[in-house]
Every structure is written in C-alpha cells, then in structure tokens.
Amino acid sequence: MKLVKDILYKINSSSVFGSTEKLISAIVFDSREIQSNCLFVAQKGLLFNGHQFINKAIELGATVIVCEELPENLIENITYIQVEDSNKALAILASNYYNNPSSKLKLVGITGTNGKTTIATLLYNLFQKAGYKSGLLSTVKIMVDTTQYNATHTTPNSVLINKYLSEMVALGVDYCFMEVSSHGIHQKRTEGLEFAGGVFTNLTHDHLDYHKTFAAYRNIKKSFFDSLPKSAFALVNIDDKNGAVMLQNTAAKKQSYAIKTMADYKARILENQFSGLLLTINGEEVWTKLIGSFNAYNLVAVYGIAKLLGIDSTEALIHISELENVTGRFQHFISKGGVTAIIDYAHTPDALKNVLETINDIRTGNEQVITVVGCGGDRDKAKRPIMGRIASQLSTQVIFTSDNPRSENPQTIIEEIEVGVESQNFKKTLSIVDREQAIKTATKFAKKGDIILIAGKGHETYQEVNGKRSHFDDYERISQLLRAIES
C-alpha cells in the first residue's frame, strides 16, 4: 500500500481533485483487473479508450483516477488526477510505486529489428555463468534470477516491468537485460526507468503497420538513445547505417561494434559451420556454438556489453564459448536419417535473408534447402511479397503456409506473399494453408543431407486463428514427423 502523494514524483499533472492522502492497493490500467482501493489509469489505446471505463472502475473499487480528460461529473470521495499523457504517467507512477527499482540495479535495454532476444538472453546466461544474479525481460521468457515467468509481449507493460524489477532488487539481482521494442518506446512503457546502457542491433523492414513510415520507426528507436543519461553507455552496430543516427543526440558514452568496419568492438568470422562459429573478437580467437554471421554480430555485441559492465576480456570470451543457442533462434538438430531441421523466428525480410544466406554459406551445394514460411495476420502487409521473393530466391523448394493468421484469411495472406515470387522461381513454390501439413510435406520432400528451415514462429508454442490460440510448436512437430518417417 502506498499513499497517493508519495507516488506523484515527476508526474506532470494539470489538475488534482480530491485527497492525495489516500492509500492505494495497486496501479491498474485494465478495468477487468480492478481491485478495492486501487488507482486506475485511463489510457487511450488503438482499440479501446480507457476513459470510457472510468465509472465502471469506480464501481468496482477504484478510489483514484488518473486521466487525460476529466469526466463531466466528479464523484465525491474519488480523487481525480488530470495528466497530459496517461501512458507516460502510468510508467512513472509504476516506477514510484515500486520504489524506482531500475535505479537499484544495472538495467541494459536492447533495441533494433532483429537480435534483441538473442543478445538479451545470451547476456543473462553469461552473467549468471560469471556468478552474478541476473534478470531477463524478453519475448521468450522473463527471468528473476532463476525463477521463470511466461512472457506475453516483447516489452511488458510498465506495471509488470517495475514489479519484476522490484522482485529482482529484493533478491539481490545485479544486472537486468531487457528487450526494448518500438511499440514499448512509443507507448511510453520505458518512461521512468533508469538505464545503465542501451544497445542498437539493426533496423530493417518491420512494424510499418504500426509506425506507418520507416522514418517514424527509426525515430522511435532513436528516442530511446536520446533519453539515456550521461552515466549510461550507448553501444550501436555501426555496420548498420542507422547506428550513427542513434548516437547523434545521446548524452551517453558512445560505443560501437561491427564486423565490416572499424569499431570499438570488432569481430571477424574465421569459420562458419553447423557445429559453430570460429571468430576473432578484438584480436582474440574464440570458438562458439552459435551459427551464422547474424550471430557473429550478436556475440560481439554481447562481448562489448560485458566489457562495458566490467567483465574481464578473457572471462567474457570463456563464457561466450560456452553459450548455447536461444530457443527458436537457429535452433537445429540432425535427424537419424541425416536431415537437418532448423527452427527460426525469422519473420522479417532481413531476418529470413540472414538465415537462408547462412544456410547457403554452410552447405556444400548438393543439399536441398526446403523452406516452410508464412506471415502473420493483422500485421505489416508490405513485407509479405518481400518475404516471398527472398524465400523463393534462396531456397531449393518453398512451401508457403500459415503463420498466425489471427483475424485474416490465411489463403489471402499466402497469395500476398506469392506476389513477390519472380517468374523463374514459380516452379520452386507450393502453397499449403495448414501449417502442420506444410511441415509434413517438407519432411516427405527431404532426403539425407537436405535442410528444412521452418521460419516465422520460432519459440512460439501456439498458433492463433480467428482469435483462438491452439497449441503448436514447430520444433515439436518437425521432430515428431521426422521420427515417424524414419522409424
């Protein structure tokens, strides 16, 4: 329980009606989660306007209302706090309510189109190996030291972020590694957090259904670095032309990593095989279990962050050599029949291109590369034909199928993907709406030595069709199907 007046620090309110001496039991922004004596924040979202639920929230027990627009009739004994931006206010209130936990550990935010989950997870694993209690806020899972929670968003809502950070502080966690999505930044979920460092991976075509233009998408990412304090570091992939943009106005210590150009942290690929990568990082040789040039970028970023947080170079490289693939990120196995199956979250054109180019760099040329891929419904439609073109160019055989169609017609999504297939590649493609049948067909096509890539869903263990989620795990299905064929 907290007094209202004690959580108003840094809240820019235009008017307050009622007492701020009240004790509140929780901060809530979803009227379905209202409890007695809570503070309700009315937000204006894409689908719903929380201001419409103010009266309901009061009926259910809310005693304090934070809103952008005051109701016409103010109810006696209810406190109303009017703010300019409810999203920002929610984040700052949550941070204050949980005693500003981000200031009591070292919080590192990783943003960019691709690589966020891998870098954040590898850092969590590295620092745990180095003997530090660590935390992780990622797309795949949330870790509070060794306790795991399920993740629902790349960047959780601001109340959950601060709740988990508070739990970390209580357990003596030293470092937390957090994915910072463009949606999370735009919706102010990271306001009020104190970051020890920010990391930029890359910027490619994604989320334009939400941000509308690439410039808007880039500028949202840049705003994260603009807000970093002087005490923090800003580490960017300088091989990406947007890396320099991220550093333009930041007060943080400017650092860079790269493979192709000079940088503070520089990697070079010596060997790239299905068994792993041999790299030099800042002149030191290291063998890793991860695969592909995209993972070389991830690993040099991990090395740079570890160094910036005080880990010795030799110790960092030793732990890097021990790191395993992240679930659903180039997760692979070789079946008894000699077929290599790869499951990857690649759901953007650049990510799909990186994975397929990695496979083609490693294979000898005689194997088939059979790709099973789709695109999510109710998401950026502009990338669909681009995904189709890339998949058909870089694969021997492509099966276009459903990803998470959500509310869209899955056949329509596939047809929009097929628009990008060039005429010379039509004969390589096949359309099977049912994802399980598509994967099953790929296993029937595959012979010893062939490679099956199942792209798009990665770590996800569900498929969403017409708003209904049912269990579906790509790794599980391909494993079962290959075993059945080869038994």
Side-chain angles (χ1 to χ4, degrees), residues 108-120 122-123 138-139 154-155 177-190 195 197-229 232-267 269 292-305 308 329 345-355 357-358 379-380 382-383 386-387 390:
V108 177
I110 300 104
T111 194
T113 306
N114 302 311
K116 298 187 295 295
T117 301
T118 298
I119 291 173
L122 293 178
L123 282 164
S138 82
T139 304
T154 301
T155 305
F177 305 102
M178 173 183 175
E179 289 187 56
V180 178
S181 68
S182 57
H183 291 68
I185 300 167
H186 185 256
Q187 293 168 12
K188 310 293 177 66
R189 293 181 222 158
T190 56
F195 285 91
V199 184
F200 169 76
T201 61
N202 49 60
L203 207 63
T204 63
H205 189 121
D206 201 18
H207 302 310
L208 298 195
D209 57 316
Y210 182 89
H211 297 292
K212 306 307 179 188
T213 68
F214 188 83
Y217 179 41
R218 179 198 63 214
N219 290 340
I220 284 293
K221 298 284 190 187
K222 183 179 180 298
S223 69
F224 172 65
F225 291 90
D226 292 349
S227 68
L228 289 175
F233 65 81
L235 176 66
V236 304
N237 173 6
I238 207 69
D239 280 346
D240 186 301
K241 63 184 179 182
N242 295 290
V245 175
M246 300 298 144
L247 295 178
Q248 281 176 354
N249 301 315
T250 187
K253 178 183 178 182
K254 299 178 181 180
Q255 295 283 279
S256 62
Y257 69 94
I259 291 177
K260 298 174 184 176
T261 54
M262 291 301 296
D264 297 297
Y265 303 99
K266 176 75 181 288
I269 300 172
S293 60
F294 56 94
N295 270 325
Y297 278 104
N298 293 335
L299 288 165
V300 71
V302 166
Y303 174 84
I305 297 159
L308 288 164
R329 270 62 176 178
Y345 190 52
H347 62 285
T348 67
D350 188 63
L352 183 63
K353 183 171 180 281
N354 284 338
V355 170
E357 285 183 344
T358 291
R379 297 294 186 269
D380 186 359
K383 70 182 179 184
I386 306 171
M387 297 279 282
I390 290 168

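All values derive from a computational prediction rather than experimental measurement. Only this structure's heavy atoms are used, side chains among them; waters, hydrogens and symmetry mates stay out.
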Distance (rounded to the nearest 0.5 Å) between His186 NE2 and Asn219 CG: 11.0 Å

Minimum-distance pair of heavy atoms, taken over all atoms of Ala234 and Leu228: CB-CD1, 4.1 Å

Stepwise side chain to side chain donor-acceptor pair (under 3.5 Å) test for Thr348 and Asn114: CA-CA 8 Å; Thr348 67; Asn114 302 311; 3.3 Å; yes

Validation row: Leu235, Tyr265 side chains within 4.5 angstrom (heavy atoms): yes

Hey, does Tyr297 have a side-chain heavy atom less than 4.5 Å from the side chain of Thr201? no

Quick one: closest heavy-atom pair of Gln248 and Lys222, and the distance? OE1-CE, 3.6 Å

Non-hydrogen atoms of Ala296 and Ile259 that approach each other most closely: CB-CD1, 3.6 Å

Between Ile110 and Leu123, is any pair of side-chain heavy atoms under 4.5 Å apart? yes

To the closest 0.5 Å, what do you measure between OH (Tyr345) and CG (Leu352)? 14.0 Å

Tyr217 and Thr204 have their tightest heavy-atom pair at CE2-O, 3.3 Å

When rounded to the nearest 0.5 angstrom, what is the spacing between CG in Leu203 and CZ in Arg218? 8.0 Å

Side chain to side chain contact (heavy atoms under 4.5 Å, CB included) evaluation trace for Val355 with Thr358: CA-CA 5 Å; Val355 170; Thr358 291; 5.7 Å; no

Distance-minimising heavy-atom pair for Asn295 and Asn298: OD1-ND2, 3.1 Å

Straight-line distance of His347 NE2 to Asp380 CG, nearest 0.5 Å: 10.0 Å

Could you tell me whether the side chain of Asn242 and the main chain of Asn202 form a donor-acceptor pair under 3.5 Å? no

If you define the side chain from C-beta out and look only at heavy atoms, does anything of Phe294 sit under 4.5 Å from Glu357? no

pair Thr111-Phe225: side-chain heavy atoms closer than 4.5 Å: yes

Which value, rounded to the nearest 0.5 Å, describes the distance between Met246 atom CE and Ser223 atom OG? 9.0 Å

Given the rule in the side chain to side chain contact (heavy atoms under 4.5 Å, CB included) test, do Phe200 and Leu247 qualify, once you have shown the distances and angles that lead to the verdict? CA-CA 10 Å; Phe200 169 76; Leu247 295 178; over 6 Å; no

CG of Asp239 to OG of Ser256, rounded to nearest 0.5 Å, is 9.0 Å

Ser293 versus Ile269: any side-chain heavy-atom pair under 4.5 Å? yes

Is there a side-chain contact between Ile119 and Phe177 in this structure, where contact means two heavy atoms from C-beta onward sitting under 4.5 Å apart? no

Do the non-hydrogen side-chain atoms of Thr139 and Lys116 ever get within less than 4.5 Å of each other? no

Evaluate whether atom NZ of Lys353 has more than 12 neighbouring non-hydrogen atoms of other residues, nucleotides or ligands under 6.0 angstrom away. no

Heavy atoms only: give me the nearest Gly243-Ile238 pair and the separation to one decimal. C-CD1, 4.4 Å

